[in-house]
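Since we're looking at a predicted model, the values are computed, not measured.
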Amino acid sequence: MWSAGSGRAAGPALLGILLALSLSGGRAAKSDAGLVTCGSVLKLFNTQHRVRLHSHDIKYGSGSGQQSVTGVEASDDANSYWRIRGGTDGECPRGSPVRCGQAVRLTHVLTGKNLHTHHFPSPLTNNQEVSAFGEDGEGDDLDLWTVRCSGQHWEREAAVRFQHVGTSVFLSVTGEQYGSPIRGQHEVHGMASASAHNKWKAMEGIFIKPSPEAPGGHDEL
């Protein structure tokens, strides 16, 4: 059986981010699309299956029993926002462009858990389970994902892959959908090889831009 977690309310800072996104229509700026930067909050879109990376306070009923990660078709679900963070403190200064080949953590904004994978089978395909793990953004070394892209930095208009540092699988969707209680949501899992199933693009969000006036960067909707 699937189970709902105890949950915890989003902090004021996170609620402020989501309010800003709702007021802006949740759209990234069309001009000067630029680069994805550390500290940015965004949605990730699987270009093959046209779903956004998603999590929620519902645990897997098999495998690890950790918080489930899925793909959803809706573009306006607040549970699809993720924050880009470095592997350790200071590794990814706020506003600095994410380099191709850099290891990052993807922290789910509303639950504070990190995108995670490990050697458990996924429920529908028996690929590698992907979950959300940790508390308040702190988990373990299985939360690290390498950004695989061409060029020097992760560009907002480009499709990229996320390869897990610990197990080498790629963050993937192959189209299988769950039944109740998350009917219609797609399984997200880890796959051993690179393919069209594991290409992701930055979509709606708040992107932190470096600024001469503020070394920590400023926000762009």
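- In this structure a side-chain-to-backbone donor-acceptor pair under 3.5 Å is present from Glu91 to Gly87.
- Between Thr37 and Val98, the closest side-chain pair of non-hydrogen atoms is not below 4.5 Å.
- Gln128 and Thr117 are linked by a side-chain donor-acceptor pair at a separation below 3.5 angstrom, with hydrogens and angles left out of the test.
- Note that Arg156 lies in the cation-pi zone of Phe207, set by a 6.0 Å cut-off to the ring centre and a 45° limit from the axis.
- For the 3.5 Å distance criterion, the side chains of Thr146 and Gln102 fail to qualify, holding no donor opposite an acceptor.
- Here Lys201 contributes atom NZ and Met203 contributes atom CE; the two are 6.5 Å apart, rounded to the nearest 0.5 Å.
- With no hydrogens or angles considered, no side-chain donor-acceptor pair links His119 and Thr167 at under 3.5 Å.
- Side-chain atoms of Gln177 and Glu187, non-hydrogen and from C-beta on, never get closer than 4.5 Å to each other.
- Checking side-chain atoms of Glu129 against main-chain N and O of Phe120 turns up no donor-acceptor pair under 3.5 Å.
- Here Ser55 contributes atom OG and Leu115 contributes atom CG; the two are 8.5 Å apart, rounded to the nearest 0.5 Å.
- Side-chain atoms of Trp145 never come within 3.5 Å of backbone atoms of Phe170 as a donor-acceptor pair (strictly under, hydrogens ignored).
- The aromatic rings of His49 and His197 sit parallel to each other, their planes meeting at less than 30°, with 60° as the upper class boundary.
- No side-chain donor-acceptor contact under 3.5 Å links Thr70 to the backbone of Gln185.
- Between atom CZ of residue Arg161 and atom SG of residue Cys149 there is a gap of 11.0 Å, rounded to the nearest 0.5 Å.
- Not a single donor-acceptor pair under 3.5 Å links the side chain of Asn79 to the backbone N or O of Leu110.
- A donor-acceptor contact shorter than 3.5 Å links the side chain of Trp82 to the backbone of Leu53.
- The existence of a salt bridge linking Glu73 and Arg52 is excluded, since no basic side-chain nitrogen approaches an acidic carboxylate oxygen closer than 4.0 Å.
- In this structure, Ser122 contributes its side chain and Leu124 its backbone to no donor-acceptor pair below 3.5 Å.
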*Please walk me through it: do His54 and His186 pass side-chain contact (heavy atoms from CB on, under 4.5 Å)?*
CA-CA 9 Å; His54 180 90; His186 293 239; over 6 Å; no

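- Proximity of a side-chain donor or acceptor of Lys209 to a complementary backbone N or O of Gly34 within less than 3.5 Å is not detected.
- Taken to the nearest 0.5 Å, the CG atom of Leu44 stands 9.5 Å off from the OG atom of Ser80.
- Here the side chains of Glu204 and Ser75 are in contact, with some heavy-atom distance below 4.5 Å.
- Note that the CG atom of Asn198 and the CE atom of Met191 stand 7.0 Å from one another [nearest 0.5 Å].
- Connection of Leu106 to Val51 is established within a shared hydrophobic cluster, with ILVMFWY side chains joined at heavy-atom distances below 4.5 Å, either directly or through further cluster members.
- A distance-only check finds no donor-acceptor pair linking the side chain of Ser62 to the backbone of Pro123 [under 3.5 Å].
- Under 3.5 Å, the side chains of Arg83 and Thr107 contain no donor-acceptor pair of N or O atoms.
- Ser131 contributes no side-chain N or O that, together with a main-chain N or O of Phe133, makes up a donor-acceptor pair within less than 3.5 Å.
- Classification of Arg85 and Glu138 as a salt-bridged pair holds, one side-chain N sitting under 4.0 Å from a carboxylate O.
- A 6.0 Å sphere centred on CZ of Arg99 holds no more than 12 heavy atoms belonging to other residues, nucleotides or ligands.
- Distance check, rounded to the nearest 0.5 Å: CH2 of Trp154 to CH2 of Trp200 gives 11.0 Å.
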